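Here is how names work: the chains are called A, B, and so on, in the same order as the sequence lines, proteins then strands, and each is numbered from 1. None of these values were measured; they are calculated from a predicted model.
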Amino acid sequence: AQSVTQLGSHVSVSEGALVLLRCNYSSSVPPYLFWYVQYPNQGLQLLLKYTTGATLVKGINGFEAEFKKSETSFHLTKPSAHMSDAAEYFCAVIRRGVQGGKLIFGQGTELSVKP
Amino acid sequence: EPEVTQTPSHQVTQMGQEVILRCVPISNHLYFYWYRQILGQKVEFLVSFYNNEISEKSEIFDDQFSVERPDGSNFTLKIRSTKLEDSAMYFCASCLSLNNSPLHFGNGTRLTVT
């Protein structure tokens, strides 16, 4: 069975600092991987995804994530945090071969950005 | 950009009452989903719907839950007799195809059962 673990339910960074949100997955076959963001009072918005090809994927708002099969990880990074990045971030997986369908989510990481 | 819309944004109901959560998926999408997020917990899959029938459901989706696509645009989730533990944020999602299209989520309906 697939599962996702996000280390740290709450991460706080200063504006301009590096953002690192951790995600590890468990799956018998490397799945497709996603990061979603949820701003206050809004729905889940796709930040980026990894399906095939280059393991470093770039998303919206300057975020990127790297798929590391050996570490079963898909950590999300952004070089310089902005106040508008404050939100909840969810890592999710789905079985290889599909992108739509039953996503398995991590528990989420709330990112706070201090001025 | 087309989006998934959900109404209402917040619903308060008394325990034992029936509630219907409404969603309008993106118009040309074919696959529809409900997820829920209990406060402080993970987003959990409830049910998927394709070609006018349920294609998969989770253990959470018991006989108290039902889904319907009554016309060409709406996709509803009904809870027949709400319980306190049904209080959660419910997200509707849709996608065009399973292979090349990721899920698009609505803004959610916050259900509070008192």
>> So which atom in A:K49 and which in B:P102 form the shortest heavy-atom distance, rounded to 0.1 Å?
In response: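 That closest heavy-atom pairing would be NZ-CD, 3.9 Å.
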>> Tell me whether B:I26 shares a hydrophobic cluster with B:L30, the cluster being built from Ile, Leu, Val, Met, Phe, Trp, Tyr side chains joined at under 4.5 Å.
In response: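 B:I26 and B:L30: separate clusters.
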>> Membership question, hydrophobic clusters at under 4.5 Å side-chain separation (ILVMFWY): are A:L7 and A:V37 in the same one?
In response: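 A:V37 and A:L7: separate clusters.
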>> Let's go through A:Q45 and B:H104 carefully: what are the C-alpha distance in whole Å and the side-chain angles of both, what is the deciding distance for side chain to side chain contact (heavy atoms under 4.5 Å, CB included) to 0.1 Å, and is it a yes or a no?
In response: CA-CA 7 Å; A:Q45 180 183 2; B:H104 294 258; over 6 Å; no
>> Between A:E110 and chain B, with a heavy-atom cut-off of 4.5 Å, which part of the residue counts as in contact: side chain, backbone, both or neither?
In response: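 For A:E110, neither part sits under 4.5 Å from chain B.
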> Using non-hydrogen atoms only, which part of A:L46 is less than 4.5 Å away from chain B: side chain, backbone, both, or neither?
Replying inline: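 Side chain only.
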> Between A:Y36 and B:L103, is any pair of side-chain heavy atoms under 4.5 Å apart?
Replying inline: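 A:Y36 reaches B:L103 side chain to side chain.
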>> Could you tell me if the side chain of A:K102 sits less than 4.5 Å from the side chain of B:S48, heavy atoms only?
In response: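 The answer is no; the side chains never approach within 4.5 Å.
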> Under a 4.5 Å heavy-atom cut-off, does chain A meet the side chain of B:Y35, its backbone, both or neither?
Replying inline: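 Just the side chain, heavy atoms under 4.5 Å.
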> Between B:F91 and chain A, which part of the residue has a heavy atom less than 4.5 Å away: side chain, backbone, both or neither?
Replying inline: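 The side chain, not the backbone.
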> Nearest 0.5 Å, what's the CD-CD distance between A:E88 and B:Q37?
Replying inline: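 Answer rounded to 0.5 Å: 6.0 Å.
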Would you say [X] has more than 12 foreign heavy atoms packed within less than 6.0 Å of its [atom1]?
X	atom1	result
B:K83	NZ	yes
B:E3	CD	no
B:D63	CG	no
B:K57	NZ	no
A:I60	CD1	yes
B:E85	CD	yes

> Are the ring centres of B:F45 and A:F105 closer than 6.0 Å?
Replying inline: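 Judged by ring-centre distance (under 6.0 Å), B:F45 and A:F105 do not meet the cut-off.
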>> Between B:F105 and A:Q42, does the side chain to side chain contact (heavy atoms under 4.5 Å, CB included) criterion hold? Intermediate values first, please.
In response: CA-CA 10 Å; B:F105 285 84; A:Q42 294 188 28; over 6 Å; no
